[in-house]
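Note that the structure is a prediction, hence the values are computed from the model and not measured. The chains referred to below are lettered A, B, ... by the order of the sequence lines, with proteins before strands, and numbering in each begins at 1.
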2 protein chains.
Amino acid sequence: MTTTGARPPTPTLEQVAALAGVSRATVSRVINDSPRVSPAARDAVHAAVEALRYVPNRMARSLVTRRTDTIALVLSESNTQIFADPFFARIVRGLSARLADTELNLVLLAARGGREQEKVARYVQQGHVDGVILISLHRDDLLPDLLARSPVPLVLSGRPFDGRAVPYVDADNVGGAEAATTHLLQLGRSRIGTVAGPLDMVAGLDRLTGYRAALAAAGAPARPELVAEGDFTEAGGSRAMARLLSEVPDLDAVFVASDPMAVGALRVLRAAGRRVPDDVAVVGFDDAEVAASCDPPLTTVAQPLEEMTGALVDLLLEQIGSGGSAVEARLCGTALVRRASA
Amino acid sequence: MTTTGARPPTPTLEQVAALAGVSRATVSRVINDSPRVSPAARDAVHAAVEALRYVPNRMARSLVTRRTDTIALVLSESNTQIFADPFFARIVRGLSARLADTELNLVLLAARGGREQEKVARYVQQGHVDGVILISLHRDDLLPDLLARSPVPLVLSGRPFDGRAVPYVDADNVGGAEAATTHLLQLGRSRIGTVAGPLDMVAGLDRLTGYRAALAAAGAPARPELVAEGDFTEAGGSRAMARLLSEVPDLDAVFVASDPMAVGALRVLRAAGRRVPDDVAVVGFDDAEVAASCDPPLTTVAQPLEEMTGALVDLLLEQIGSGGSAVEARLCGTALVRRASA
DNA sequence: GCCGGGTGTGAGAGCGTTCTCACCGCGTCG
DNA sequence: CGACGCGGTGAGAACGCTCTCACACCCGGC
């Protein structure tokens with residue numbers, strides 16, 4: 001079936017003004033509810049808006065206000081696996097909840113690979129958004145550079161790699177990992193491995209650093225075979241765990257740098273006949289939903305995600321408001337959540 | 001640390017024109033590479049653009065062209081679990097690949113719950129995008145109505161619930177499910193259950209319809225206890241499979257309406273000591289990546305996702321181009337991919 | 001040498017808003 | 001009774017771009 005019809009012309013302020021018997025300026029005042037309008041005029045305008053189904057044209061408005069009331073969450077990820085991470089879903093949920101009763105809209109931009117990153121950068125530079133939250137950064141990402149070059153306010157989720165002066169919000173990954181590992185040490189474990197996150201991401205790096213710091217503090221020697229790199233996915237966690245197990249059969253504990261990976265690790269441990277936590281104690285990271293429901297329930301490091309998404313928005317709004325570039329970082333504390341796995 | 005600096009004023013066409021010693025019109029022509037410009041002028045303009053780091057202001061441009069060169073992928077999902085579905089990730093990948101070498105940008109808008117749906121609808125109506133692709137529709141979704149009301153071109157991913165006249169692209173879910181179930185029948189199985197998708201989504205509904213059709217065609221009675229509803233997630237698949245198994249212990253095959261659910265089902269079957277495919281044959285749906293890598297590799301129904309994302313974009317661009325509303329539907333064939341599980 | 005037909009260019013009118021002013025009427029104060 | 005203040009209003013200039021014209025120029029053909 002195929003029907004064709006012309007696009008109906010959208011009404012303008014001018015027409016609303018004419019119908020309401022007032023000037024453009026007054027209609028504009030009503031739309032932006034300025035207090036200086038008589039009730040009579042206000043009612044007339046509202047009626048006209050209703051009658052014409054008037055919707056303000058954002059382009060025209062933005063052109064003069066220089067604001068779009070839109071902020072972008074940019075994901076810089078070569079594949080699309082980031083979507084699958086519950087961590088990401090919680091960030092999105094947190095951000096949109098935080099923005100729910102503001103005027104601001106949230107759009108997600110996915111940039112896989114160089115070309116798309118440039119496209120995203122162009123999109124941002126052309127003035128489509130008032131600010132950008134950048135997430136899932138890898139070491140060689142172009143996006144921070146591309147975006148820092150433009151005057152659009154920018155906040156990173158996660159400490160920048162090169163210590164550049166950009167506002168960011170991050171969890172205390174080092175501290176959390178350290179606490180997790182220390183907990184394993186206090187359980188009397190001595191052959192503690194780690195399934196690390198991708199080492200081209202700060203979160204992966206920092207959690208490994210925390211693990212090492214805890215071991216070093218306890219005077220334990222650094223054994224490279226105790227470290228297996230994962231990619232924050234369940235499948236990657238399984239692979240890393242399997243490798244760890246094959247290289248260090250007498251492993252008695254493992255700190256896994258994310259809960260999805262920990263789920264994969266648990267599966268491998270079970271398949272290998274290891275009891276958790278009796279034979280091998282496991283601590284995860286994130287306190288994802290799955291941590292409470294897996295078997296056994298996962299002891300894990302919780303990040304205050306609400307606080308973090310709140311801080312991301314606050315920092316960004318601050319920057320947008322001030323029109324300047326206050327470079328501020330916020331580090332959020334983590335907490336060990338004890339369940340059955342360690 | 002805190003530094004503050006004013007936002008630098010962005011250069012305008014006017015300034016580029018002045019620097020290049022030409023008029024605004026000529027600069028505009030160069031920017032939009034119109035052929036009618038002398039090489040000399042072109043070079044001068046390019047140099048000036050370079051020197052000033054000029055980036056065109058999209059709002060101003062859109063105001064007159066009435067195009068934004070942006071299309072939105074709108075996810076209507078009350079929770080954010082859709083992100084976790086590999087199906088969704090593939091859609092996003094497909095769409096951005098398809099748009100990679102066009103001028104068009106893709107933005108994702110997540111709408112959970114009524115308020116956010118209205119916010120998204122407002123965003124669209126205000127003219128931020130040239131078109132909308134709507135995905136993950138539930139029965140009582142407001143978004144199709146909200147969006148159909150505005151003049152913005154719209155394409156649905158998935159047949160609309162109420163048979164309304166909206167262009168859409170869908171896989172042949174009924175046919176695929178029928179083929180899957182028929183395959184199980186041909187293996188000689190007689191107690192074939194199904195883990196259905198959510199029944200407030202057409203994909204869930206249609207796949208159940210296909211399953212039933214195949215059984216009916218084979219003269220098998222409809223047994224309601226053979227149907228367990230899942231939610232397209234792995235956990236949901238596990239739960240549904242467990243229920244199926246407890247109610248029909250002598251089950252010898254199951255058609256699972258999505259691969260993530262099938263993975264959950266496989267896990268439960270294994271835990272219950274059932275061998276796959278010997279005791280229970282399993283067919284999934286989607287041909288997700290995980291289908292090839294799980295144990296045993298999953299026989300599943302493949303959807304031509306490339307074709308579907310391509311069709312989504314084509315239909316949308318067609319509508320945008322024509323300025324009208326050609327209501328066209330496209331149904332894409334599915335194919336059974338035989339692996340080890342059935 | 002004059003005219004037609006390209007080809008490159010610029011002037012200027014929008015696009016639909018917001019926002020700064022100036023203005024008008026009215027009540028209040030000196 | 002005139003000056004003043006103030007709430008409500010409208011005229012008109014932006015905002016930065018595109019696009020339609022009209023014009024100036026140069027070529028070849030008669």
Are any protein N/O atoms closer than 3.5 Å to N/O atoms in nucleotides 22-26 of chain D? If there are, list each pair with its distance.
none

May I have the distance from [X] (atom [atom1]) to [N] (atom [atom2]), rounded to whole angstrom?
X: B/Asn32; N: D/dC17; atom1: CG; atom2: P; value: 11 Å
X: A/Arg67; N: D/dC15; atom1: CZ; atom2: C1'; value: 14 Å
X: B/Asn57; N: D/dG16; atom1: CG; atom2: C1'; value: 6 Å
X: A/Gln126; N: D/dC15; atom1: CD; atom2: P; value: 20 Å
X: B/His128; N: C/dT17; atom1: NE2; atom2: P; value: 13 Å
X: B/Asp69; N: D/dT18; atom1: CG; atom2: P; value: 11 Å
X: A/Arg61; N: C/dC15; atom1: CZ; atom2: P; value: 19 Å
X: B/Met59; N: D/dC15; atom1: CE; atom2: P; value: 17 Å

Over all strands shown, is A/Arg58 touching base, sugar-phosphate only, or nothing at heavy-atom distances under 4.0 angstrom? nothing
Short heteroatom pairs, N/O only, protein and nucleotides 22-27 of chain C, under 3.5 Å:
none

Verdict with supporting geometry, B/Arg115 and A/Asp101, side-chain contact (heavy atoms from CB on, under 4.5 Å): CA-CA 9 Å; B/Arg115 280 194 57 196; A/Asp101 35 36; 3.5 Å; yes
[X]: what forms a side-chain contact (heavy atoms from CB on, under 4.5 Å) with it, not counting sequence neighbours?
X: A/Ala60; answer: A/Asn57, B/Leu63
X: A/Arg42; answer: A/Val30, A/Asp33, A/Val37, A/His46
X: B/Phe161; answer: B/Arg139, B/Val202, B/Leu205
X: A/Asn32; answer: A/Ser28, A/Arg61

Partner residues of [X] under the side-chain hydrogen bond (donor to acceptor under 3.5 Å, both in side chains) criterion, sequence neighbours left out:
X: A/Arg53; value: none
X: B/Gln117; value: B/Ser76, B/Asp141
X: A/Arg330; value: A/Glu328
X: A/Asp162; value: A/Arg164

Toward the 5' end of DNA chain C, which comes first, B/Ala60 or B/Gly21, by nearest nucleotide? B/Gly21
Heavy atoms only: give me the nearest B/Val152-B/Gly131 pair and the separation to one decimal. CG1-CA, 3.7 Å
Nearest heavy-atom neighbours spanning A/Phe88 and A/Leu75: CE1-CD2, 3.3 Å
End-to-end axis angle, where each axis spans five pairs of the helix from C/dG1-D/dC30 to C/dG30-D/dC1, to 10°: 60°
For the side chain of [X], counting heavy atoms from C-beta on, which of [options] is nearest?
X: A/Thr65; options: C/dC19, C/dG16, C/dT17; answer: C/dC19
X: A/Ala25; options: D/dC17, C/dT17, D/dG10; answer: D/dG10
X: B/Leu63; options: C/dA13, C/dT18, D/dG16; answer: D/dG16

Under 3.5 Å between N/O atoms: give me all the protein pairs with nucleotides 7-9 of chain D, atom names plus distance.
from, atom 1, to, atom 2, distance (Å)
D/dT9, OP1, A/Ser38, OG, 2.8
D/dT9, OP2, A/Ser38, N, 2.9
D/dT9, OP2, A/Ser38, OG, 3.3

Salt bridge A/Arg98-A/Asp314, side-chain N to carboxylate O under 4.0 Å: yes
Is the shortest side-chain N to carboxylate O distance from A/Asp69 to A/Arg58 below 4.0 Å? yes
Student check: side-chain heavy atoms of B/Thr70 and A/Tyr123 closer than 4.5 Å: yes
Should A/Leu104 and A/Asp130 count as side-chain neighbours, where that means a heavy-atom distance under 4.5 Å? no
Below the 4.0 Å mark, does D/dT18 have OP1 or OP2 next to a side-chain nitrogen or oxygen of B/Ser28? yes
Any A/Arg66 side-chain nitrogen or oxygen under 4.0 Å from OP1 or OP2 of C/dT18: no
